[in-house]
Amino acid sequence: MDYKQLIVDSIDLAGLDGQSVYDLIVAPKDSAMGDLCIPCFKFAKEMRKSPVAIAEQIAAGAKIGGMIKEVKAVAGFVNFKFDNALYASQALENVLKQGENYGKSDEGKGKTICIDYSSVNIAKPFHMGHLLNTALGGAIYRIYKALGYNVVGINHLGDWGTQFGKLIVAYKLWGNKEDINKRGVRALVDIYVKFHKEEEKDPSLSDQAREWFKAIEDGDKEALELFEYFKAITLKEVDRIYKRLNISFDSYAGESFYNDKMQPVLDELKAKGLLVESDGAKVVKFEDDLMPPCLLQRSDGATLYATRDMAAAFYRKNTYDFYKCLYVVAYQQNLHFQQIFKVLEMIDCDWDKDMIHVAHCMVSLESGSMSTRGGNVVFLEDVLNTAVAKAKAVIDEKNPTLAGKEEIAEQVGIGAVLFGVLYNSRIKDMVFSFDKVLNFEGETGPYVQYTYARCNSLFDKCGEMGNEIDYNGLDNDSCKAVISLLDKYPEILRESAKKYEPSVVTRYAVDLSQAFNKFYFENKINTEREPIKNARLALTKAVRQVLGNALGLLGIATPYKM
RNA sequence: GCACUCAUAGCUCAAUUGGAUAGAGCGUUCGGCUACGGACCGAAAGGUUGGGAGUUCGAGUCUCUUUGGGUGCACCA
């Protein structure tokens, strides 16, 4: 239902353009003022009148009736109040009719979005920083899918580079296969950290590492076997985590995948005269030295990170013909992506504007920034397990007879962690602490899950809702707050997608939960008056539906009870 | 040094993209289950939106400036 259009149709435009009025209509800051309003300030010049006078004129000429129950001019705003019962009936029936499709649309039909996210590094720990990245990417993936886009999730594996030479040297010196099979990446990290310590004392280790990496490049059998072994160990562990986080990918084409796809890019840059020599290396320079040059080939002929990303960009364009290509990567890489995108612009491809770096913050520890080399990391699995254990303890305390405790603890614990990293806007730096992750009260995942379970519990008590519904049973402020939030959900999804900000959905889930819990305390739902009870159950059902839809987009489970 | 970015209540963060009295949670103090789940709800206290100037009907939001933090700046990824 397009209520903005309804308002435009109900007023005397007095020469104003209908569309521009339409675009201005928003919900007032304070819902007590009304359901929608027109701020009249922008018309002041055109109409040569004060906003206050314009608002009064519009309000005086507005037709009242049907949905529009009251129109009032206040300080340059025209506030419209809806008929609560009618609004409730329309909004709730809309949610219930569409069910799990409520909020979805087909606006992305025929368009493909590539999302590069998670992009794990082989033989490195999966820590809180990766979790943020992975959760963001996964949520954006689902949000775009809900809007009808064809989405391609790409895990651009960090499976190439000199660090694998280092790892082989470390493995041959101190590696213990039994230990690695048992402890996985942790064991690899241990010897990797040790390598960097020993390297300071014995610089010849660096040369050995370079040689071993060269051996990988040259296809040496032993080197490749070890490299594949490290990769298998890492992927096995990471897959286990992805399963728990409800994450999947359509492509695992990582850095090594582009080994044979870089030369054509270099050739094209050369042909266009963009690739120039500088100190023996090949670079692309930017006009007016806007940025440092983009280094694409080392003086020894080897390719670099940027070369791979250029090759990947072309490959993705050719393979998927994307509408947009998103890179969910921390803001550390700002310069890198600015350079890549600028080079694409200089090369005259007409899709450089479709490349978007969805930059997010860094996650640090109270003991400083995370570093694999320095050994200052918290493994994500430890965080997840701790959160699940806490959830289990809370259930044992509050709901000891609950069936299926283990599974529910998993859902609640992981939900808390995911919700926590998706709650703030992605650009704000985060300091990880167990205290924050283990908080299950207030603006948290468990709070929203609890609200969801509370809805279920109401149906257990009241039975299913009947057919006779009196929407006048929803005619008070707390009901209205819930209904206007429910009505807003599709717009929330669009906003979240447009901003590449899952936190818009996360915060909405909290807002809706708060509004519902207030409603719950102020209205008796299980009343003897059936039509009133049915109206309140309809609202409960709609809230449960929308909370479930929203949490689903975030990758968070909705246990029936908890 | 240059570029990017952040700064809002004691703490963690919002603010419909320039709109009405800047809002939540945590923490603190007080109150609430014979009404359906207290992982909840209500109330109170808490603000010169880092400082200064400007743009205009109107600025937390835009511009300039200044301070403080983070990140990046050529053969790592």
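Letters A, B, ... are given to chains in the order of the sequence lines, protein chains preceding strands, and every chain is numbered from 1.
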- Using a 4.0 Å heavy-atom cut-off across all strands, classify A:Lys124 as base, sugar-phosphate, or nothing. nothing

- Query: Between B:rG42 and A:Lys518, is there an OP1 or OP2 to side-chain N/O distance shorter than 4.0 Å?
  - Reply: yes

- Query: Is there a donor in the side chain of A:Arg536 and an acceptor in the side chain of A:Asn526, or the other way round, less than 3.5 Å apart?
  - Reply: no

- Task: Would you classify A:Asn523 as touching base, sugar-phosphate or nothing, given that sugar-phosphate means primed atoms plus P, OP1 and OP2, and contacts are heavy atoms under 4.0 Å?
- Result: base

- At under 4.0 Å between heavy atoms, what does A:Ala281 touch on the DNA or RNA strands: base, sugar-phosphate, or nothing? base

- Using the benzene-type ring in the case of Trp, are the ring centres of A:Phe82 and A:Tyr3 under 6.0 Å apart? yes

- Under a 3.5 Å limit for both distances, which nucleotide forms a Watson-Crick or G-U wobble pair with B:rG1, could you say? B:rC73

Polar atom pairs (N or O), protein with nucleotides 18-22 of chain B, under 3.5 Å:
residue: B:rA20; atom: OP2; partner: A:Lys29; partner atom: NZ; Å: 2.6
residue: B:rA20; atom: N6; partner: A:Asn79; partner atom: OD1; Å: 3.1
residue: B:rA20; atom: N1; partner: A:Asn79; partner atom: OD1; Å: 3.1
residue: B:rA20; atom: N1; partner: A:Asn79; partner atom: ND2; Å: 3.2

- Determine: side-chain N/O of A:Gln332 to OP1/OP2 of B:rU71, distance under 4.0 Å, yes or no. no

- Message: Around atom CG of A:Asp207, are there more than 12 heavy atoms from other residues, nucleotides or ligands closer than 6.0 Å?
- Response: yes

- Message: Please enumerate all residues that pass side chain to side chain donor-acceptor pair (under 3.5 Å) together with A:Asp487, with sequence neighbours excluded.
- Response: A:Tyr87

- On a whole-Å scale, what distance lies between the C1' atoms belonging to B:rC33 and B:rG18? 46 Å

- Atom-pair distance (NZ on A:Lys342; P on B:rC73), nearest Å: 20 Å

- Query: Using purine N1 to pyrimidine N3 plus N6-O4 or O6-N4 for Watson-Crick, or N1-O2 and O6-N3 for G-U wobble, each under 3.5 Å, what pairs with B:rA39?
  - Reply: none

- Item | Neighbour count >12 (heavy atoms, 6.0 Å) for atom NZ, A:Lys231 | yes

- Item | Mate of B:rC64 where both pairing distances stay under 3.5 Å, Watson-Crick or G-U | B:rG52

- Please work out if A:Met291 contacts a base, only the sugar-phosphate, or nothing of the nucleic acid, heavy-atom cut-off 4.0 Å. nothing

- Message: Between B:rA35 and B:rC40, how many Å separate the two C1' atoms, rounded to a whole number?
- Response: 13 Å

- A:Lys488 atom NZ, neighbour heavy-atom count above 12 within 6.0 Å: no

- Query: Can you tell me how far P of B:rA77 sits from CZ of A:Phe213, to the nearest Å?
  - Reply: 7 Å

- Message: Need the pair for B:rG25. Rule: Watson-Crick or G-U wobble, both distances under 3.5 Å, any strand; none if unpaired.
- Response: B:rC11

- Message: How many whole angstroms separate atom CZ of A:Phe516 from atom P of B:rG38?
- Response: 12 Å

- Message: As a test of reading the structure: which of B:rU16, B:rC73, B:rC4 is closest to the side chain of A:Leu335, going by heavy atoms?
- Response: B:rC73

- In terms of base orientation, is B:rU66 syn or anti, with the syn window spanning 90° either side of 0? anti

- Query: Are A:Tyr305 and A:His336 close enough that their ring centers fall under 6.0 Å?
  - Reply: yes

- Query: With respect to the phosphate group of B:rG70, does any side-chain polar atom (N or O) of A:Ser369 fall under 4.0 Å of OP1 or OP2?
  - Reply: no

- Task: Would you mind reading off the distance between A:Lys499 atom NZ and B:rU17 atom P, rounded to a whole angstrom?
- Result: 9 Å

- Is the distance between the ring centroids of A:Tyr560 and A:Tyr452 under 6.0 Å? no

- Message: Checking A:Asn517 against A:Tyr447: is there a side-chain donor and acceptor pair closer than 3.5 Å?
- Response: yes

- Message: Between C1' on B:rG37 and CD on A:Gln449, what's the gap in Å once rounded to a whole number?
- Response: 15 Å

- Message: Please pick, from B:rC41, B:rC6, B:rU12, the nucleotide with the shortest atom-to-atom distance to any side-chain atom of A:Ile427.
- Response: B:rC6

- Tell me what A:Leu295 touches on the nucleic acid: a base, only sugar-phosphate, or nothing, going by heavy atoms under 4.0 Å. base

- Message: Let's test this: given Watson-Crick or G-U wobble pairing with both distances under 3.5 Å, identify the partner of B:rG18.
- Response: none

- Message: Classify A:Tyr447 by what it touches in the nucleic acid, base, sugar-phosphate, or nothing, heavy-atom distance under 4.0 Å.
- Response: sugar-phosphate

- Query: Which residues within residues 428-443 of chain A lie with some heavy atom under 4.0 Å of an atom in RNA chain B?
  - Reply: A:Lys428, A:Asp429, A:Phe440, A:Glu441, A:Gly442, A:Glu443

- Query: On a plain distance test, is the side chain of A:Thr527 in donor-acceptor contact with the base of B:rA35 below 3.5 Å?
  - Reply: no

- Query: Which is true for A:Ser278 with a 4.0 Å heavy-atom rule: it touches a base, it touches only sugar-phosphate, or it touches nothing?
  - Reply: base

- Message: Need one value for A:Glu255: base, sugar-phosphate or nothing, where a base atom within 4.0 Å counts as base even if backbone is also close, heavy atoms only.
- Response: sugar-phosphate

- Query: What integer number of Å spans the C1' atoms of B:rC4 and B:rG46?
  - Reply: 35 Å

- Under 4.0 Å between any heavy atoms, over every strand shown, what does A:Ala302 touch: base, sugar-phosphate, or nothing? Just pick one. nothing

- A:Glu407 atom CD, over 12 foreign heavy atoms within 6.0 Å: no

- Task: Could you please name the option among B:rG37, B:rA14, B:rU17 that lies closest to any side-chain atom of A:Ser425?
- Result: B:rA14

- Query: Do any side-chain nitrogens or oxygens of A:Tyr305 fall under 4.0 Å of OP1 or OP2 in B:rA77?
  - Reply: no

- Touch check for A:Ser299, heavy atoms < 4.0 angstrom, all strands: base, sugar-phosphate only, or nothing? base

- Query: Which whole number of Å gives the distance between the P atom of B:rG51 and that of B:rG68?
  - Reply: 15 Å

- Task: Tell me what A:Pro51 touches on the nucleic acid: a base, only sugar-phosphate, or nothing, going by heavy atoms under 4.0 Å.
- Result: nothing

- Item | A:Tyr452 side-chain N/O to B:rC40 phosphate OP1/OP2 under 4.0 Å | no

- Message: The side chain of A:Gln514 is closest to which nucleotide in this list: B:rC73, B:rC41, B:rA77?
- Response: B:rC41

- Identify whether any heavy atom of A:Ile525 sits under 4.0 Å from a base atom; if not, whether one sits that close to sugar-phosphate; answer base, sugar-phosphate or nothing. base

- Query: For atom P, what is the distance between B:rA45 and B:rG23, given to the nearest Å?
  - Reply: 14 Å

- Query: Less than 6.0 Å separating the ring centroids of A:Tyr327 and A:Phe337?
  - Reply: yes

- Item | Integer angstrom distance from the P of B:rU16 to that of B:rG31 | 38 Å

- Task: Determine the Euclidean distance between corresponding P atoms of B:rU61 and B:rG42; express it in Å to zero decimal places.
- Result: 31 Å

- Item | B:rG38 phosphate, OP1 or OP2, under 4.0 Å from A:Arg454 side-chain N/O | yes

- Message: Within a 6.0 Å radius of atom NZ on A:Lys261, are there more than 12 heavy atoms belonging to other residues, nucleotides or ligands?
- Response: yes

- Message: Does A:Lys436, at its NZ atom, have more than 12 non-hydrogen atoms belonging to other residues, nucleotides or ligands within less than 6.0 Å?
- Response: yes

- Item | Nearest-nucleotide 5' precedence on RNA chain B, A:Arg507 against A:His336 | A:Arg507

- Query: The side chain of A:Tyr331 lies closest to which of these nucleotides: B:rC4, B:rU71, B:rA74?
  - Reply: B:rU71

- Task: Check whether the side chains of A:Arg426 and A:Asn133 place a donor and an acceptor atom closer than 3.5 Å, and report yes or no.
- Result: no

- With a 4.0 Å cut-off on heavy atoms, is A:Val510 in touch with a base, just the backbone sugar-phosphate, or nothing at all? nothing

- Query: A:Lys398 near the nucleic acid: base, sugar-phosphate alone, or nothing, with a heavy-atom cut-off under 4.0 Å?
  - Reply: base

